[in-house]
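What follows is a short report on a single structure.
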Protein chains: 2
Amino acid sequence: MGVGRPRNFDRDTALDQAMEVFWRHGYEGATIAQLTDAMGINPPSLYAAFGSKEALLKAALDRYTLRGEAWMAEVLSAPTAREVTSRMLMGVAEKQTDPSNPPGCLLVQGGLACGSGSANVPFELAARRAKTEEQLRHRFERAKEEGDLADSADPAALARYVSAVITGMSVMASSGADREALTQVAVVAIKAIEDQSVRS
Amino acid sequence: MGVGRPRNFDRDTALDQAMEVFWRHGYEGATIAQLTDAMGINPPSLYAAFGSKEALLKAALDRYTLRGEAWMAEVLSAPTAREVTSRMLMGVAEKQTDPSNPPGCLLVQGGLACGSGSANVPFELAARRAKTEEQLRHRFERAKEEGDLADSADPAALARYVSAVITGMSVMASSGADREALTQVAVVAIKAIEDQSVRS
DNA sequence: CCAAATTTGTAGTGCTCGCTACAAATGTGG
DNA sequence: CCACATTTGTAGCGAGCACTACAAATTTGG
């Protein structure tokens with residue numbers, strides 16, 4: 001099997017370091033020098049292991065998604081649309097101000113607008129953000145079938161709304177808002193969903 | 001007065017072109033070559049008139065703010081907090097999908113995360129976003145005094161909330177959401193404010 | 001202990017970046 | 001018509017970018 005000199009770094013650990021650099025500086029703002037520095041490797045090792053700066057970003061995004069999957073499953077398993085939204089937004093307020101990570105969300109901080117050479121990075125990030133919205137939409141569709149959301153409710157619109165609030169909170173976090181500020185936003189935002197819930 | 005060769009471009013017109021480039025590509029993604037191209041001038045003219053790339057951005061931001069001031073005044077002049085929020089969010093849905101501009105909001109697209117050399121650009125943008133939030137907060141404080149918002153309402157939290165929704169809508173717009181999608185978000189978002197309004 | 005395979009560290013590559021030196025062009029005041 | 005002041009266009013500066021050629025180092029298979 002393993003013929004040749006073995007690599008002396010762990011791929012996933014290095015990826016975590018790269019993730020943090022992209023998170024803090026964005027795709028374009030992150031330089032290969034910063035990345036290799038944080039990852040503790042040299043450029044040839046980076047390119048041998050990941051292929052290119054953009055491929056490294058995608059690998060980091062995959063890992064970012066993976067990291068949140070368990071939490072996301074728990075959020076979606078809440079019994080009602082209101083409770084799903086509450087867990088979601090409260091969790092976001094907490095996670096986006098977790099001091100062990102850069103503030104905000106990598107899928108937003110990574111880059112909304114890029115130079116002509118990296119034009120597809122914003123698309124890539126948008127596509128990944130859309131997945132969360134889609135998961136919420138499916139969950140809200142179920143909530144409507146279960147009679148938990150009002151018949152007049154529009155699951156797609158509600159999912160878009162929650163997704164927009166999450167993104168807004170993410171931007172606020174990245175510009176220094178603390179956990180209390182984000183929690184306040186979450187509390188207000190949940191009221192809009194309560195409004196469309198069938199009271200018990 | 002005018003001694004020396006006169007410049008043969010209009011400062012504000014050039015600024016509008018620069019604004020569009022920053023809006024579409026972000027601060028870091030916009031190159032001097034793209035900017036001078038769009039502005040129809042050469043680099044020395046740009047630097048003589050504006051000083052640096054970052055100073056050009058600030059001048060463009062000033063103009064961006066100026067451009068929205070009349071609309072903002074009209075929004076804030078609405079009679080109730082609910083109506084202010086409605087005009088605000090509906091207007092945002094419209095403006096951020098106006099095909100005569102790049103989608104989204106320059107204060108977000110300009111850059112949330114930057115490389116180490118442009119670290120203060122995100123701060124500059126955040127400070128300008130905060131001004132809108134502050135205007136909303138003052139308006140909501142007045143609404144509370146006027147008995148239009150419930151005694152239990154927190155004007156600062158509501159302003160933060162509306163500001164977050166605006167930012168979220170802006171990101172959605174920049175990644176291709178159409179006017180209808182944004183309007184749906186606005187409609188849902190307004191319900192959270194209605195919830196804290198004193199019914200008539 | 002040698003040959004093949006792979007990674008590592010050094011030291012660059014060509015390119016594009018923001019920015020500017022310089023001289024020609026174009027205006028005003030005397 | 002002549003200084004003088006300012007802008008313009010050309011051409012290119014040093015720096016930093018993503019990326020890589022290359023040789024030394026380190027492993028396994030025979």
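We use all heavy atoms of the structure for the numbers below, so side chains are in, but hydrogens, waters and symmetry mates are not. Each chain gets a letter, A, B and so on, in the order its sequence line appears, and its residues count up from 1.
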Closest nucleotide among [options] to the [X] side chain:
X	options	value
B/T31	C/dC17, C/dT7, D/dG9	C/dC17
B/K53	D/dC17, C/dC19, D/dC19	C/dC19
A/V3	D/dT28, D/dA18, D/dT8	D/dT28

*Answer with base, sugar-phosphate or nothing: what part of the nucleic acid does A/A30 contact at a heavy-atom distance below 4.0 Å?*
sugar-phosphate
*Looking across every strand, which nucleic acid part, if any, lies under 4.0 Å from B/F50 by heavy atom: base, sugar-phosphate, or nothing?*
nothing
Roughly, in whole Å, what's the span from [atom1] in [X] to [atom2] in [N]?
X	N	atom1	atom2	value
A/I32	C/dG14	CD1	P	19 Å
A/H25	D/dG16	NE2	P	16 Å
A/M39	D/dA18	CE	P	13 Å
A/N42	C/dT6	CG	C1'	15 Å

*asked:* To check you understand the geometry: which heavy-atom pair defines the closest contact between A/R137 and A/A156, and what is its length?
replied: CG-CA, 3.6 Å
*asked:* Can you tell me if B/F123 has over 12 outside heavy atoms packed within less than 6.0 Å of its CZ?
replied: no
*Nearest-nucleotide wise, let me know which of B/P6 and B/Y27 is further upstream toward the 5' end of DNA chain C.*
B/Y27
*If you pin B/P43 and A/A48 to their nearest nucleotides in DNA chain C, which one's is more 5'?*
A/A48
*Indicate whether OP1 or OP2 belonging to D/dT7 is found under 4.0 Å from a side-chain N or O atom of B/S45.*
no
*asked:* Please determine whether a side-chain nitrogen or oxygen atom of A/Y47 lies at a distance below 4.0 Å from atom OP1 or OP2 of D/dT20.
replied: no
*asked:* Just to verify, what does A/S118 make a side chain to side chain contact (heavy atoms under 4.5 Å, CB included) with, not counting sequence neighbours?
replied: A/Y27, A/E28, A/C114, A/V121
